[in-house]
Amino acid sequence: MLFKNHMNINNINKKYLDEVLEQKKTDFLYHFGISSTDSIIKDLKDLKAIVLTGSGLRSKRMAKTWAKQNNIKEILSFPKKERFLTYYVGNTLFSSHGMGMPSMSIALEELMKLCYFVKKGNTQEIDKIFWARVGTSGGLVEAGSIVISTEGLCANFKPYNLFILGKNYTFNSFFPSKTIKEIFKANKDLCFNIIEGKTIGANTFYLEQSRTDGALNLFGAEEKQKWLKKAEKLGVKNIEMEAPMMAGLLNHWGFSNFTDICCVLVNRLNTDQVNLSKKQLERFSIDAELVLFNYLKKLIP
Ligand code: URA
């Protein structure tokens, strides 16, 4: 079967990465504690999916679940544990990305470079890699709902942007609709609420998510409700801290298969406080993981 190459070659730092592949340079993936000459690059040659989670406990739990589902005894663990906890099992890399876009951007760029090295710069092979974030969020819907992101927006309702060379650069922050359809299809038998919608990725948990239960006094309840209502009108279903950046960087290279699946911990139209029991929190988190695993099982039988 002919596989269409969607990658934007010009947006890949090929000059640098190819010199690494040609062994003219060594690249240190510093935050993961590995380098382009380590044997781990060969160990990952059959990489098919990268699953990112905010917390390291979750990346470990998901790696263990996937190992069990695939009847695999050994999980490869990356050496550095200070920043991200990273595991490889069953053709899938599970890694934490920390909290927020600055942290996740480091994980993403280093993992994108890792993909390049593992697949020896073959962009058709690189594009076959599926990316997912499985996370928690606030929502404009009931707690316990699972939201699959259609688009990531910043707190000003605009796509992801960065100041590059001091100039504003806007990224495409849409998520591929084909992936969303396939995830719904893989989960058609589940009985909890799975919806799709826009996701706000804010730079802070309190101020940019318009919370009035933080430490700083900058606005009141009325202005908060206005912001939430505007978001709702624009089709926003949930609010977290990573979606626009994730979509922005992956679209820049041209990846065609990626998703952000979050459980909603709190309906922000009612309250700012996340006040779930440990059991509820675990239930909702595992529901989001199940949605991902049901798709992953179809992708990597
Ligand atoms: N994560 C967020 O970023 N916001 C919430 O309200 C809950 C989880």
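In each ligand, atom 1 is the first atom listed, and ligand 1 is the first ligand listed. This is a predicted model, so every value here is computed, not measured.
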**Asked** Tell me, which pairs form a ring pair (Phe, Tyr, Trp, His ring centres under 6.0 Å) where one or both residues lie in residues 110-133, sequence neighbours left out?
**Response** Phe130-Tyr295, Trp131-Phe255
**Asked** Name the residues with a heavy atom less than 4.0 Å from ligand 1?
**Response** Thr136, Ser137, Gly138, Phe205, Gln209, Arg211, Ile239, Glu240, Met241, Val266
**Prompt:** Is a salt bridge present between Glu182 and Lys178, judged by a nitrogen-to-oxygen distance below 4.0 Å?
**Reply:**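 The answer is yes: the pair qualifies as a salt bridge.
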**Message:** Connecting only ILVMFWY residues whose side-chain heavy atoms lie within less than 4.5 Å of each other, what is the rest of Leu228's hydrophobic cluster?
**Reply:** Leu140, Leu153, Phe157, Ile200, Trp227, Leu234, Val236, Ile239, Leu269
**Prompt:** How is the hydrophobic cluster of Leu207 composed, in terms of its other members, when Ile, Leu, Val, Met, Phe, Trp and Tyr link through side-chain heavy atoms under 4.5 Å apart, directly or indirectly?
**Reply:**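 Members alongside Leu207: Leu216, Leu218, Phe219.
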**Asked** Cation-pi between Lys80 and Tyr30: NZ/CZ under 6.0 Å from ring centre and within 45° of the ring axis?
**Response**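 Because its charged atom sits under 6.0 Å from the ring centre and within 45° of the axis, Lys80 does stack over Tyr30.
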**Request:** State whether the side chain of Thr150 and the backbone N or O of Gly197 hold a donor-acceptor pair below 3.5 Å, judged by distance alone.
**Result:** yes
